[in-house]
Amino acid sequence: MSNEATQKQGGFHYAYLIVASCIAITCLPCALVLSCAGIFFTPVSEYFGVAKSVFTLYFSILNIAMMITLPIAGKLLAKMDARVVLSACVVLCGLGLIGMSLSNAMWMFYVCGAILGIGVAPLIYLAVPALINSWCVEKVGFFVGLCMAFTGIGGVIFNPVGTSLILSGPEGWRLAYRVFAIITMVGTLPFTLFVVRSKPEDKGLLPYGYKANAVSDDDSTAKPEVSGMMAADAMKTPAFVALLVFCGIITLNQTIYQFLPSYASSIGGDIAAASGVVASAAMAGQAIGKIILGVVNDKSEKLGVLFGIVCGLAGVLVMWFFPSALVMLLVGAFLFGIVYAMTTVETPLLVRSVFGSKDYTNIYSRVSMVGSLMSAVAAVFWGIIVDSAGGFPLMFILGIVCMAICFLTANFALGQKAKLSA
């Protein structure tokens with residue numbers, strides 16, 4: 001390996017550009033397709049005179065398309081140049097958004113939803129953990145958390161922009177979709193085409209932090225040894241099953257977030273008027289929580305799991321038992337946002353910790369399928385719970401059960417780590 005591989009520690013490393021590329025991916029296509037979807041539900045359904053459930057069916061189709069796409073995308077990312085795969089995904093997201101702007105019937109939205117699901121699946125689930133895992137051996141958790149935080153930050157930035165465009169005219173929603181499509185492609189393609197590289201060897205480099213950890217001063221040309229299990233072997237283990245359960249249940253649990261504004265509205269008075277602020281507090285907890293979880297996981301994956309679950313449990317209990325105090329409600333929502341963050345931070349880090357990096361993308365893509373499938377049905381499930389006789393208290397109780405299951409399955413999987421590496 002060339003001398004370029006021995007870049008001085010503490011100096012600039014190309015991995016920082018990979019991190020910047022991941023931030024562009026999460027802040028633009030991922031946020032615009034997923035975090036900003038809600039601002040279109042009312043104006044589009046009202047424009048076509050249909051129930052919201054008829055229009056939002058496209059989002060369920062999007063999630064099903066994501067589930068089907070993930071294992072294929074995992075294989076493609078493992079074998080092909082990441083620039084090709086990720087750039088194609090960005091283009092599909094752009095085309096899907098343009099298609100939404102041109103749609104004149106519900107079936108057209110459904111087709112566009114499928115296109116968006118195919119495009120955004122590798123970007124939201126695979127791009128960040130796969131690239132960071134390849135490019136870094138230090139601060140992996142921090143970088144993954146930092147990048148994934150921008151799905152929420154992108155929502156904070158672009159939801160007001162999209163809302164302003166929607167309010168600009170009777171068909172402002174069409175303009176908003178078109179603008180989002182342009183931002184997606186113009187803002188992201190320069191990174192995926194010209195900056196992204198699948199692995200450090202493509203640039204004649206060692207991974208970030210590798211020299212300090214594993215290469216002696218007289219062995220600067222050593223090639224990093226990649227350890228871990230192949231997907232075919234990993235899928236036969238109890239740890240894999242445990243992580244499937246973890247991914248599905250933590251995704252189910254995160255969807256409670258969507259019902260926090262409704263919970264605040266049910267309380268009445270000043271609390272009801274602040275329902276939007278409650279949602280914002282949870283979103284802030286999610287963004288900050290992703291970074292904190294990343295840092296904690298760099299110290300210990302078990303500590304990361306404990307921290308996230310404890311925050312989530314505390315958040316639910318505070319919201320449940322102190323509903324009439326706005327400050328406490330906001331604190332509870334913020335804490336719940338931290339366990340929400342575990343979905344896209346803790347899951348990939350657990351997979352990496354348990355099964356290693358050797359066939360990481362293929363293993364994680366299969367675990368993520370369960371989360372994507374759960375996303376398609378979770379909102380309906382919680383809607384039924386909230387509308388039942390148990391109402392919001394039952395929702396909170398089931399949320400506690402979900403978090404307990406996640407704690408147990410994550411620790412079981414981590415407990416299997418020594419056996420799998422033996």
Next on the checklist: Pair I249, T409 - check side chain to side chain contact (heavy atoms under 4.5 Å, CB included), show working.
Outcome noted: CA-CA 10 Å; I249 300 300; T409 51; over 6 Å; no

Item to check | Trace of the side chain to side chain contact (heavy atoms under 4.5 Å, CB included) decision for I166 with L175 | outcome: CA-CA 7 Å; I166 289 170; L175 174 61; over 6 Å; no

Checklist entry - Do S353 and K417 pass the side chain to side chain contact (heavy atoms under 4.5 Å, CB included) test, and can you show the C-alpha distance, the side-chain angles, and the key distance before you say yes or no? => result CA-CA 8 Å; S353 176; K417 181 178 176 180; 3.1 Å; yes

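Residues Y208 and Y14 place their aromatic rings such that the two centres sit no closer than 6.0 Å. The distance between the ring centers of F396 and Y263 falls below 6.0 angstrom. Here Y257 and Y340 bring their ring centres to under 6.0 angstrom of each other. Within the 6.0 Å centre-distance limit, the rings of F40 and Y177 are counted as a close aromatic pair.
You'll find the side chain of V339 stays beyond 4.5 Å of the side chain of E346, heavy atoms only. Side-chain atoms of L330 and V278, non-hydrogen and from C-beta on, do get closer than 4.5 Å to each other. With a 4.5 Å cut-off on side-chain heavy atoms, R178 and L165 do not count as touching. Proximity of Y125 to S365: side-chain heavy atoms (C-beta onward) are nowhere separated by under 4.5 Å. Using a 4.5 Å cut-off on side-chain heavy atoms (C-beta onward), K358 and M229 make no contact. Counting heavy atoms from C-beta outward, I291 and F142 have side chains that approach closer than 4.5 Å. A 4.5 Å side-chain heavy-atom check between C112 and Y58 finds every atom pair outside the cut-off. Side-chain atoms of I250 and C402, non-hydrogen and from C-beta on, never get closer than 4.5 Å to each other.
In this structure, N411 contributes its side chain and F407 its backbone to a donor-acceptor pair below 3.5 Å. A donor-acceptor contact shorter than 3.5 Å is absent between the side chain of S372 and the backbone of M369. Judged purely by atom type and a 3.5 angstrom limit, T255 uses its side chain to pair as donor or acceptor with the backbone of T251. Although no hydrogens or angles enter the test, the distance criterion places a donor-acceptor pair under 3.5 Å between the side chain of D298 and the main chain of G141. Using a distance-only test at 3.5 Å, with no hydrogens or angles considered, a donor-acceptor pair links the side chain of W382 to the main chain of L252. Under a 3.5 Å cut-off, the side chain of S35 and the backbone N or O of G155 do not form any donor-acceptor pair. T188 places no side-chain N or O within donor-acceptor distance of the main-chain N or O of M185, the cut-off being under 3.5 Å. A donor-acceptor contact shorter than 3.5 Å links the side chain of N297 to the backbone of L293. Listed for the T56 side chain is no donor-acceptor partner under 3.5 Å among the backbone atoms of F59. Proximity of a side-chain donor or acceptor of S198 to a complementary backbone N or O of A82 within less than 3.5 Å is detected.
Using cut-offs of 30° and 60° for the angle between ring planes, the W173 and F109 rings count as tilted. Taking the six-membered ring where the residue is Trp, F41 and F55 present perpendicular rings, their angle passing 60° and hence far from 30°.
The shortest heavy-atom contact between T343 and P348 is O-CD, 4.3 Å.
Under 3.5 Å, the side chains of T151 and K290 contain a donor-acceptor pair of N or O atoms.
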